[in-house]
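What follows is one structure encoded as structure tokens, with my remarks underneath.
Bear in mind the structure is a predicted one, so any value in this text is a computation, not a measurement. The chains referred to below are lettered A, B, ... by the order of the sequence lines, with proteins before strands, and numbering in each begins at 1.
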Amino acid sequence: MTTAKLNTLLPLLRAVLASVAAVAALGANDVRADETCSSPYLARIEGQEEFVYVWTLGVEGLGDGADKLVTIDVKPGSPTYGKVIHTHSLDGRHEAHHGGFTDDRRQLWLSGLETSKIFIFDVYTNPAKPRYVKTIDNFEKITGGAVGPHGVYALPGRVLTPCLSNSKDHGGRTALVEFSNDGDYIATHWLPTKDTPGIAGAEFADGYGYDARVLPRKNVLLTTSFTGWKNYTRAFGDLAKDAEAMKQFGNSMALWNFHTRQPKKVFRVPGAPLEIRWAWGEKHNYAFTATALGSKLWLCYEDDNGEWQAKEVAHVGPEGGVLPVDISLSADDKTLFVDCFGDGKVRVFDVSNPHKPREIYEKTIGRQVNMVSQSWDGKRLYFSSSLLARWDKSGDDNDQFVRAYHWDGKQLKPAFDLDFNALKLGRPHHMLFGATKIGS
Amino acid sequence: MNLNQVFFLTILATLALAASVLATDLPRTAEHDYDAPRPGSYKLPIVKPAADGEVLDSEGQPLRLRELTRDRVTVMSFIYTRCAAANACPMATGVLMDLHRLTAEDGALASKLRLVSMSFDPLNDTPERMAAYSAMGDSRKSAGEWRFITTASPEKLKPILDAYGQAVDRKKNPRDPTGPLNHTLRVFLIDRKGNIRNIYSSGTLDLRLVLADVRTLLAEQPN
């Protein structure tokens, strides 16, 4: 071996030895920034979030009336901390709902539930001013009839989009759709129904969809179920009086083999289970969800025999229910924040024992509250108000805001409050964290 | 045994140790705690065509990247040799090492599978350095093809990174102990027609899954 070759290999050996040591050191204390509910495949923010991106529904007669991406400065010490520093309005209203990043965090995808359009922004070139790139506007055609793209979930080199409906009857039967990070269609996976062969619990399968999230360590994908286009585009007061329509809500969760994208088991979870939050602990093989109509917390977990199960673990709020919507699990898996649209409160549960959640705190955030995003260190929480354009409360109860709080482990203390009505921005929905420093 | 030989064996033993947790004959690991799927029992839809580009082999000879992404099932890993991030390049190279070892023991696999390690750090990863890096490979003659390539310049590299969606940035601290570059981990599975069929990152780069995918593609009709 020549000296030159030796010199070449020496750093390599050091690198490998360092990596082996680092692998050995990896564990539950692996410190990362970012929001706790994001995809495990997503590149992480280094340090604290600097921006909150808010996917905002336009309101007719308010400002420009268009759906828009709103950027809020949340960098500590910044002269514009807690202020809107950028907006980008899109053409028209699309029922702005959820969004997500590509795994390299260079693009932010925002979906419209009503028009089935997905808007793609560059958040890499200048994270303070997201730049519109393009729109996926032929969703129904390329996916073979899926409509109502809901979430945007980063997978390696691709994006998973769980949907809410279909073009055939605009009911709840729907699919998961995959795109490349370039925005090119890859595949459609329809949610299991009673006729899907080879799955346990097929009798509970209703084909409905909502959220989709992966626990990589166990190679499982979990999906939940909401309702179809006909229901979520209808005024809630009108819908609630229609007994037949109110039966058209999802009552299931499905567990899939993630790698093969094949459903394996369906659980009966009555009352529209919505957001899924997998625990982060390296031996924590469980996820929480909340049923909006049932007002319950459910746990999906692997039992001692290696079988996946689902069970109700807590009631949320007083008798009659409070429409729990978004939930956020702390990075240490000990605290679950539950936003309740019905009474505008966040309820905080100690979930150290996931089988026995215990409510420890509650606070009124507004007259209505929907989404919550939590920083990885658990110290900052951001709340937004809007559920759906036609389901939000009316009159004085139509509070529209982004409110930030500091959490000290016992109580929430206000950090800033942005009134989206007064600012003529619209109805704020999903919030995502941005930063100038992104790691691997 | 002279010092150089001891050093070289140390490297190989260390890398084997790093990679051994991913060996197929181990049923499960803490990070991959599931059974691998049966090859052919599932589909791998086309993600996108594998892009072409101008590259250099480890002898400094120019060639087109498409020559290394056609006719065989290809597992291509984007790496840089200074990387010491736990779940990044060393992990990817460890999986390719295991695959290479398997080809040495499976003639059919050796004749149909190609491994490619492609650097995204051309100013440091010269052809000579890539040649040194190729010491990772199984030295048995029966082992399959494993190519170590780089590019002549950042300008030649950029269109390749853009086409494959390989994000690379310089860290603010060039002396970061895990290496000077931030990057997503990307390993591509490419079929015989040059289509990307899967993309792995640290959460999915399990040797058993890669091997199941390779065998799934090999079971497909070539045309």
Counting heavy-atom pairs under 4.5 Å to chain A, which of F188(B), Y164(B), Y200(B), Y34(B) comes out on top?
Y34(B)
Do the ring planes of W278(A) and W308(A) sit parallel (below 30°), tilted (30 to 60°) or perpendicular (above 60°)?
perpendicular
Does the pair R66(B) and D52(B) meet the rule for a salt bridge (charged side-chain N to carboxylate O under 4.0 Å, His left out), with working shown?
CA-CA 5 Å; R66(B) 61 169 289 119; D52(B) 194 10; 5.0 Å; no
Contacting region of R38(B) [heavy-atom separation from chain A under 4.5 Å]:
neither
Contacting moiety of A30(B), where chain A heavy atoms sit under 4.5 Å
backbone
Under 4.5 Å from a heavy atom of chain B, the part of Y124(A) involved
side chain
Among the listed options I186(A), D182(A), V220(A), the residue most often paired with chain B at heavy-atom distances under 4.5 Å:
I186(A)
Option in D169(B), I46(B), T204(B), V187(B) with maximal non-hydrogen atom pairs under 4.5 Å from chain A
D169(B)
Checking N181(A) against chain B: side chain, backbone, both or neither under 4.5 Å from a heavy atom?
side chain
In terms of the angle between their ring planes, are Y80(B) and F120(B) parallel, tilted or perpendicular, with boundaries placed at 30° and 60°?
tilted
I'd like to know if D103(A) and R105(A) make a salt bridge, using a cut-off of under 4.0 Å between side-chain N and carboxylate O.
no
Do F51(A) and F433(A) make the cut of ring centroids closer than 6.0 angstrom?
no
Cut-off 4.5 Å, heavy atoms of chain A, and the answer for N198(B) is both
Starting at CD of E220(B), measure out to NZ of K43(B) and round the result to the nearest 0.5 Å.
8.5 Å
Can you tell me how the ring of Y41(A) sits relative to the ring of F258(A), calling it parallel under 30°, perpendicular over 60° and tilted otherwise?
parallel
L209(B), part contacting chain A, at a heavy-atom distance under 4.5 Å:
both
